Amino acid sequence: MAYRVEIDSITESKWNCLLRQFDDASLYQTWAYGQMKAGVSKLSHLLLFCQDELVAMSQVRITNFPLLSSGIAYVHWGPLWKRRDGAQDLRHMPYVIRALRQEYVQRRGLMLRILPKVIDDDLKEKVRSVYQHEEFVFSADPDQTFLVDLTSPLEEIRSRFDKNIRRDLRNAEKQNFRIIEGTGQEALGTAVQLTKEMKERKKYFGSEPSHLLVLQQNLPEELKIRLIVAEHEGEPVATLGWQTIGKIGFPVIAATGNKGLKLRASFLLWWKMIEFYHENGYRILDVGGVNANRNPGGFLFKSRLTGRKDPVPDRYIGQFTACGGRLLPLLFRAGYAVRSSYRHMRALVAKIVRDRAHRTK
């Protein structure tokens, strides 16, 4: 088969159109997200064609090390290769991985790090073997999640919830909530404010949600985060937002205010997200990052959505790294160790603050 690679030959609008051709597309491969995280000058885009048909693509974020001419080429939730038309041919995978390596490792002298975020159990081993055959170094993905199967009828999905989830959902449905849906900046602004209120209540350090305002503004309408806000007596009390790209459901922002917590508003919003994904043909919901130490309440809530008795988190396929020298991996590991220590310190401080607040109640 004749393969052809194009590098940085595409416009943002065309990239957005092509994203909709892939079932494994996600918010993290959108141009707007990459630009928000890395800046437009640090983005690169690779297209792989087989006999002039697009079969894979990848957005790459580039980070340069200070005082050095090299850095890291970072692929998050990619490369994309599951075509929406059903053409999910693993035979193309070695070629897109090889193309990424040739461009960013061999030609540009960067370290290449790929986090595919594959969650399909029947594909994990096959995909992992492709990376290993292409001599990428494997390491475990530190992120954990829980998966909710959406292929059954809605009544069956709901019946699999933990009994406590079903009870709280029934109670939430009895409340006089006004549900507002949309993609506008006003709803997202409300979501950001509720997130700040929730972080203060839980006494934990999380990512700053205000960057989503910039992201939402720059996304085209068909790729925007879908938001719902629950109002009670005219006051916003809970919000949930999720991606609408690809065929794997994923919540992007979730927050419950102090009043919404008592009214169990979040249970109703999560159910409405599941209804949306089910009605639009999504087969699975990835509930997003979970951590029993940093956010025990969120961990428990999400685990109870799976219907499993054993709440062992699901794991992504892993991380894969390629590098032409020895110095870059050492620098990366050192930087990663510093970042991990910093995150551990923040989590420890948050736990001390939570424990202290609990004791003073």
Side-chain angles (χ1 to χ4, degrees), residues 144-148 150 154 157-183 186-204 206-210 212 216 225-244 249-279 282 284-292 294-308 311 313 350 354:
Q144 301 177 109
T145 187
F146 286 107
L147 305 178
V148 179
L150 301 179
L154 277 172
I157 294 172
R158 181 162 173 157
S159 70
R160 289 198 299 261
F161 291 166
D162 177 90
K163 63 179 181 180
N164 295 306
I165 294 285
R166 297 198 304 271
R167 179 200 62 206
D168 287 332
L169 176 56
R170 287 194 301 270
N171 290 336
E173 289 173 331
K174 295 176 183 178
Q175 303 297 329
N176 187 27
F177 288 122
R178 176 174 176 246
I179 303 299
I180 304 170
E181 302 186 27
T183 59
E186 183 177 351
L188 190 56
T190 300
V192 169
Q193 290 303 315
L194 285 169
T195 302
K196 292 178 179 178
E197 182 179 329
M198 184 181 69
K199 288 172 66 176
E200 175 62 27
R201 181 182 72 245
K202 292 188 174 183
K203 305 296 182 185
Y204 76 90
S207 58
E208 179 54 50
S210 58
L212 292 176
Q216 187 80 331
I225 301 166
R226 186 176 182 86
L227 287 152
I228 53 176
V229 176
E231 282 190 355
H232 188 266
E233 298 177 348
E235 177 187 354
V237 296
T239 186
L240 185 64
W242 58 85
Q243 69 172 19
T244 57
F250 191 85
V252 178
I253 184 170
T256 304
N258 297 330
K259 185 177 179 181
L261 184 67
K262 297 176 182 178
L263 296 170
R264 298 315 208 209
S266 64
F267 293 84
L268 179 60
L269 299 190
W270 275 78
W271 177 243
K272 287 192 172 295
M273 176 180 65
I274 288 173
E275 286 182 324
F276 172 89
Y277 280 139
H278 189 271
E279 291 168 3
Y282 287 70
I284 201 163
L285 169 63
D286 177 344
V287 301
V290 295
N291 189 300
R294 290 205 300 264
N295 188 1
F299 182 94
L300 182 62
F301 168 74
K302 292 178 178 180
S303 70
R304 288 176 168 177
L305 290 172
T306 65
R308 296 188 228 144
R354 285 198 304 268

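Worth saying up front: this structure is predicted, and the values here are computed from it rather than measured. Sequential numbering from 1 along the given sequence is applied to the chain's residues.
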_Heavy-atom closest contact (Ala292 atom, Phe299 atom, distance)_ = N-CD1, 3.6 Å
*asked:* Looking at every heavy atom in both Pro236 and Val229, which two are closest together, and how far apart are they?
replied: CB-CG1, 4.0 Å
*asked:* Quick check for you: to the nearest 0.5 Å, what is the distance between Leu147 atom CG and Leu305 atom CG?
replied: 11.5 Å
_Quick check: do Val287 and Trp270 have side-chain heavy atoms less than 4.5 Å from each other?_
yes
*Is there a donor-acceptor pair under 3.5 Å between the side chain of Arg166 and the backbone N or O of Arg158?*
no
*Could you go through the side chain to side chain contact (heavy atoms under 4.5 Å, CB included) check for Ile284 and Tyr277 one step at a time?*
CA-CA 8 Å; Ile284 201 163; Tyr277 280 139; over 6 Å; no
*Could you tell me which residues satisfy side-chain hydrogen bond (donor to acceptor under 3.5 Å, both in side chains) with Arg170, sequence neighbours excluded, listed by chain and number?*
none
*Specify the closest pair of heavy atoms between Leu150 and His278, including all atoms of both residues, with the distance to one decimal.*
O-CD2, 3.1 Å
_Side-chain ion pair, Glu181 and Lys272, N-O less than 4.0 Å_ = no
*Could you give the distance from NZ (Lys174) to CG (Leu169), rounded to the nearest 0.5 Å?*
11.0 Å
*All ring pair (Phe, Tyr, Trp, His ring centres under 6.0 Å) counterparts of His232, not counting sequence neighbours*: Phe177
*Side chain of Thr239, backbone of Ile228: donor and acceptor closer than 3.5 Å?*
yes
*asked:* So which atom in Leu269 and which in Leu240 form the shortest heavy-atom distance, rounded to 0.1 Å?
replied: O-CD2, 3.4 Å
*Would you please name every residue forming a salt bridge (Lys or Arg N to Asp or Glu O under 4.0 Å) with Asp168, sequence neighbours left out?*
Arg264
*Within the side chain of Thr145, is there an N or O that forms a donor-acceptor pair under 3.5 Å with the backbone of Gly289?*
no
*Do the side chains of Leu227 and Ile180 get nearer than 4.5 Å, heavy atoms only?*
no
*Report the relative orientation of the aromatic rings in Tyr282 and Phe276; use parallel for angles under 30°, tilted for 30 to 60°, perpendicular for over 60°.*
tilted
*Donor-acceptor contact present, side-chain Gln175 to main-chain Ala265, <3.5 Å*: no
*For Arg178, does the CZ atom have more than 12 heavy-atom neighbours from other residues, nucleotides or ligands under 6.0 Å away?*
no
*Heavy atoms, side chains only, cut-off 4.5 Å: are Met273 and Leu285 in contact?*
yes
*asked:* Parallel, tilted or perpendicular, judged at 30° and 60°: which one describes the rings of Trp271 and Phe161?
replied: perpendicular
*Can you name the closest pair of heavy atoms from Val290 and Lys302 and give their distance?*
CG1-CD, 3.5 Å
_Nearest heavy-atom neighbours spanning Pro251 and Asp286_ = CD-O, 3.1 Å
